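The structure presented is a predicted model; accordingly, all values stated were derived computationally and were not measured.
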Amino acid sequence: NAGVMQNPRHLVRRRGQEARLRCSPMKGHSHVYWYRQLPEEGLKFMVYLQKENIIDESGMPKERFSAEFPKEGPSILRIQQVVRGDSAAYFCASSPRWADIGELFFGEGSRLTVL
Amino acid sequence: DQQVKQNSPSLSVQEGRISILNCDYTNSMFDYFLWYKKYPAEGPTFLISISSIKDKNEDGRFTVFLNKSAKHLSLHIVPSQPGDSAVYFCAAITGTASKLTFGTGTRLQVTL
């Protein structure tokens, strides 16, 4: 499967716990984006990363959220001390280069439920 | 501050007829527009796009129209098919930005 792979597909956490969401981009893609979809809303940009670099994190909440895309391995979106308002679908997307940024390839999403 | 708006949350169309999905935007700096299609429990998939220097782009059954003066774009699907039933998101980008701004989506139901 050469598509964008996200895991876990579903994650349940209690308030105060940590959530880690992983994303492996399509083969050959070095640009990764994270988007969040709250219930009944559109997708909202969170962060744009290239290997070992955060390019744009203007959509990330200032606290509790962090993202990385190491030289080896998947991109990880980390949410510390989760709250109920973090319950959402988190989508990862990738592109081969910035010029194709508009036409992103999305994964199937990770659905976080905070109890 | 919703810069991309899809004011119709849902639309029902008979198979074979035309589906028209609308999208309005407020940011005049947007210069590239896209439509994504999303099935339940799946990620969005790119459908069609249009640059601000054009007013129409066609790809098979899908045509996107852009009216820059009205800051309005629309997606036409003709003829509509049951497999087109999905949520359609309009998205916009500026040439210098690294992120898409999405609308809230329109759920299209194509009935037999």
Inset, instruction - Could you tell me whether the side chain of A:Y35 and the main chain of B:L100 form a donor-acceptor pair under 3.5 Å? - result: yes
Linking I/L/V/M/F/W/Y whenever their side-chain heavy atoms sit closer than 4.5 Å, directly or via other members, would A:I76 and A:I79 fall into one cluster? no
Notebook entry, point to check: Out of curiosity, does A:M46 fall in the hydrophobic cluster containing A:F106 (side-chain heavy atoms, cut-off under 4.5 Å, transitive links)?
Noted result: no
Note to self: Grouping I, L, V, M, F, W and Y whenever their side-chain heavy atoms are under 4.5 Å apart, do B:I93 and A:L49 come out in a common cluster?
What the structure shows: no
All heavy atoms of B:A41 vs all of A:R9, minimum pair found to be O-NH2, 3.0 Å
Turns out that what part of A:I55 lies under 4.5 Å from chain B's heavy atoms comes down to neither
Note: A:G42 and B:F89 closest approach over all heavy atoms is CA-CE2, 3.9 Å
Going only through I, L, V, M, F, W and Y residues with side-chain contacts under 4.5 Å, is there a path from A:Y48 to A:L104?
yes
Between A:F45 and B:K99, the two heavy atoms sitting closest are CD2-CD, 3.0 Å
Taking a cut-off of under 4.5 angstrom between non-hydrogen atoms, the residues of residues 72-81 of chain B near chain A are none
So CZ of B:F46 and CZ of A:F105: to nearest 0.5 Å the spacing works out to 9.0 Å
Across all chains, not counting sequence neighbours, the salt bridge (charged side-chain N to carboxylate O under 4.0 Å, His left out) partners of A:D86 are A:R64
Here the pair of heavy atoms bringing A:Q37 nearest to B:K38 is OE1-CE, 3.9 Å
So, the part of A:Q6 with a heavy atom under 4.5 Å from chain B: the answer is neither
- Item | A:L43-A:V47 co-clustered via ILVMFWY side chain contacts under 4.5 Å | no
Checking heavy-atom separations under 4.5 Å from chain A, one finds in residues 103-112 of chain B B:G103, B:T104
In terms of heavy-atom contacts, does NZ of B:K68 have more than 12 from other residues, nucleotides or ligands at under 6.0 Å? no
Residues 54-66 of chain B vs chain A, non-hydrogen distance cutoff under 4.5 Å, contacting residues -> none
Taking everything shown except A:Q81 itself, do over 12 heavy atoms lie less than 6.0 Å from its CD?
-> no
Under 4.5 Å to a heavy atom of chain A? For B:T45 that would be neither
Report task. Could you tell me whether B:R17 atom CZ has more than 12 heavy atoms of other residues or ligands within 6.0 Å of it? Result -> no
